[in-house]
Amino acid sequence: MIEMKGINKGYLLGEEKLPILKNIDFTVEKGEYVAILGPSGSGKTTLMNILGCMDEMDSGEYFLDGMAIHETGQHALTKVRNEKIGFIFQNYQLIPTYNVMQNIIMPLLMRGMSHQEAQEQCRKTIELLGLEHRINHRPSELSGGQKQRVSIARALVGSPAILLADEPTGALDQSSGRDVLKLFRELNEMGNTIVMITHDLNVAKSARRIVRIVDGRLYENEP
Ligand SMILES: Nc1ncnc2c1ncn2[C@@H]1O[C@H](COP(=O)(O)OP(=O)(O)O)[C@@H](O)[C@H]1O
Ligand SMILES: [Mg+2]
């Protein structure tokens, strides 16, 4: 599902390039649930942005669901992000003026689907996440755990090839965090491929496989 080979990424610091990701090889098979574990500043978000086709790599090859991302232009990548990736963020990134239903169907509307069709297609996802009684609420009327469930519904609604989560429990209390991790396990058991980024070993342990990132290098086992 994901195959990265020799990925390098740096940021310009004045005239010099500061290396951040160093020669990363990373493979994820369909149906896997992988955690990328690393301390603050290790390059997790930089890697997430490349995995999510939101940022370009300096060198290396990245195949996502059979597509050569390193050879794909910006315009086509917008479509790839919309169709192949379900994003879940620490701070939910819901649109505050939209209600739950409107937030969830956003990715479908972006594909050009009609409102009516989108509302029909999202019904199963809304039921799966137990949000039936919340569809008319605004994000500000929901708890953190509920907001994260809405964002997970939005990530799932378009049947993406992978779910990509950056610190999905980072803003939640312990109990809601546990609920989200339990949900991820269930979604994985239903066949969803999940890559979760975290700095917290206890969170990472709920995935089926852990890789570590330290100072921009990726390790399958203990570094
Ligand atoms: N846009 C940027 N310009 C320059 N340096 C950056 C930029 N984004 C991140 N960095 C640096 O890259 C390193 C890795 O950052 P990041 O990927 O956000 O790490 P993490 O998510 O693991 O905390 C940090 O040292 C950070 O300061
Ligand atoms: Mg980060």
Side-chain angles (χ1 to χ4, degrees), residues 2-28 32-64 69-70 72-74 77-78 80-81 84-94 144-145 147-148 151-152 154-155 160 162-174 176-178 180-181 183-184 193-223:
I2 285 176
E3 192 175 6
M4 287 185 149
K5 278 190 227 153
I7 299 288
N8 288 284
K9 171 75 179 174
Y11 291 113
L12 277 179
L13 196 72
E15 309 238 298
E16 266 181 69
K17 195 145 227 181
L18 191 69
I20 304 293
L21 300 180
K22 299 162 187 166
N23 201 27
I24 286 191
D25 296 332
F26 182 45
T27 303
V28 178
E32 272 201 294
Y33 178 11
V34 188
I36 300 176
L37 173 67
S40 177
S42 57
K44 297 187 300 297
T45 297
T46 305
L47 179 57
M48 157 111 175
N49 288 341
I50 292 176
L51 281 167
C53 307
M54 293 186 286
D55 200 359
E56 288 174 14
M57 55 217 114
D58 295 336
S59 61
E61 294 182 342
Y62 174 21
F63 296 91
L64 171 61
I69 300 300
H70 53 285
T72 305
Q74 280 307 318
L77 286 181
T78 306
V80 171
R81 279 194 294 273
K84 296 209 184 284
I85 305 168
F87 292 98
I88 298 155
F89 301 97
Q90 173 170 357
N91 59 359
Y92 328 117
Q93 301 212 7
L94 300 175
K147 280 188 249 195
Q148 196 56 300
S151 100
I152 293 168
R154 179 185 57 188
I162 64 163
L163 290 174
L164 202 50
D166 193 1
E167 305 275 5
T169 62
L172 299 176
D173 60 74
Q174 281 223 334
S176 318
R178 268 197 303 271
V180 164
L181 294 177
L183 182 58
F184 276 20
T193 309
I194 306 175
V195 175
M196 173 174 67
I197 287 172
T198 181
H199 69 278
D200 185 336
L201 176 61
N202 284 319
V203 171
K205 277 179 176 166
S206 81
R208 292 178 182 278
R209 180 179 137 216
I210 299 178
V211 299
R212 291 178 186 255
I213 183 167
V214 181
D215 193 22
R217 293 183 192 277
L218 206 69
Y219 302 88
E220 282 288 332
N221 296 305
E222 298 288 313

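In each ligand, atom 1 is the first atom listed, and ligand 1 is the first ligand listed. Keep in mind that this is a model prediction, so the values were computed, not measured. One is the number of the first residue; the rest follow in order along the sequence. In what follows, every heavy atom counts, from backbone to side chain, and hydrogens, waters and symmetry copies are set aside.
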### Task
For atom 13 (C) of ligand 1, grab the closest protein heavy atom and report residue, atom and distance to one decimal in Å.
Ile20 CD1, 3.7 Å
## Note on the structure
re atom 6 (C) of ligand 1, the protein heavy-atom contact at minimum distance is Tyr11 CD1, 3.1 Å
### 4.0 Å protein heavy-atom contact status of atom 27 (O) of ligand 1, strictly under
no
### Task
May I ask you to identify the nearest protein heavy atom to atom 18 (O) of ligand 1, giving residue, atom name and distance to one decimal place in Å?
Thr45 CB, 3.7 Å
### Query
Closest non-hydrogen protein atom to atom 14 (C) of ligand 1, residue and atom name please, with distance?
Gly41 O, 3.5 Å
### Query
Out of Thr198, Asp166, Thr46, whose heavy atom is nearest to atom 15 (O) of ligand 1?
Thr46
### Query
Looking at CD of Glu32 and OG1 of Thr193, how far apart are the two atoms once the value is rounded to the nearest 0.5 Å?
8.0 Å
### Query
Is the shortest distance from atom 2 (C) of ligand 1 to a protein heavy atom below 4.0 Å?
yes
### Message
When you measure from the side chain of Gln148 to the backbone of Thr169, do you find a donor-acceptor pair of N or O atoms at a distance under 3.5 Å?
### Response
no
### Query
Checking side chain to side chain contact (heavy atoms under 4.5 Å, CB included) for the pair Ile7/Phe26: CA distance, chi angles, key distance, verdict?
CA-CA 9 Å; Ile7 299 288; Phe26 182 45; over 6 Å; no
### Query
Can any side-chain N or O of Asn8 pair as donor or acceptor with the backbone N or O of Lys22 at less than 3.5 Å?
no
### Query
For the side chain of Lys44 and the backbone of Gly38, is there at least one donor-acceptor N/O pair under 3.5 Å apart?
yes
### Query
Do any heavy atoms of Pro39 fall under 4.0 Å from ligand 1?
yes
### Message
I'd like to check which ligand 1 atoms, numbered from 1 as shown, lie under 4.0 Å from a non-hydrogen atom of Lys44.
### Response
17 (O), 19 (O), 20 (P), 21 (O), 22 (O), 23 (O)
### Query
Can you tell me which residue and heavy atom of the protein come closest to atom 19 (O) of ligand 1, and the distance to 0.1 Å?
Gly43 N, 3.3 Å
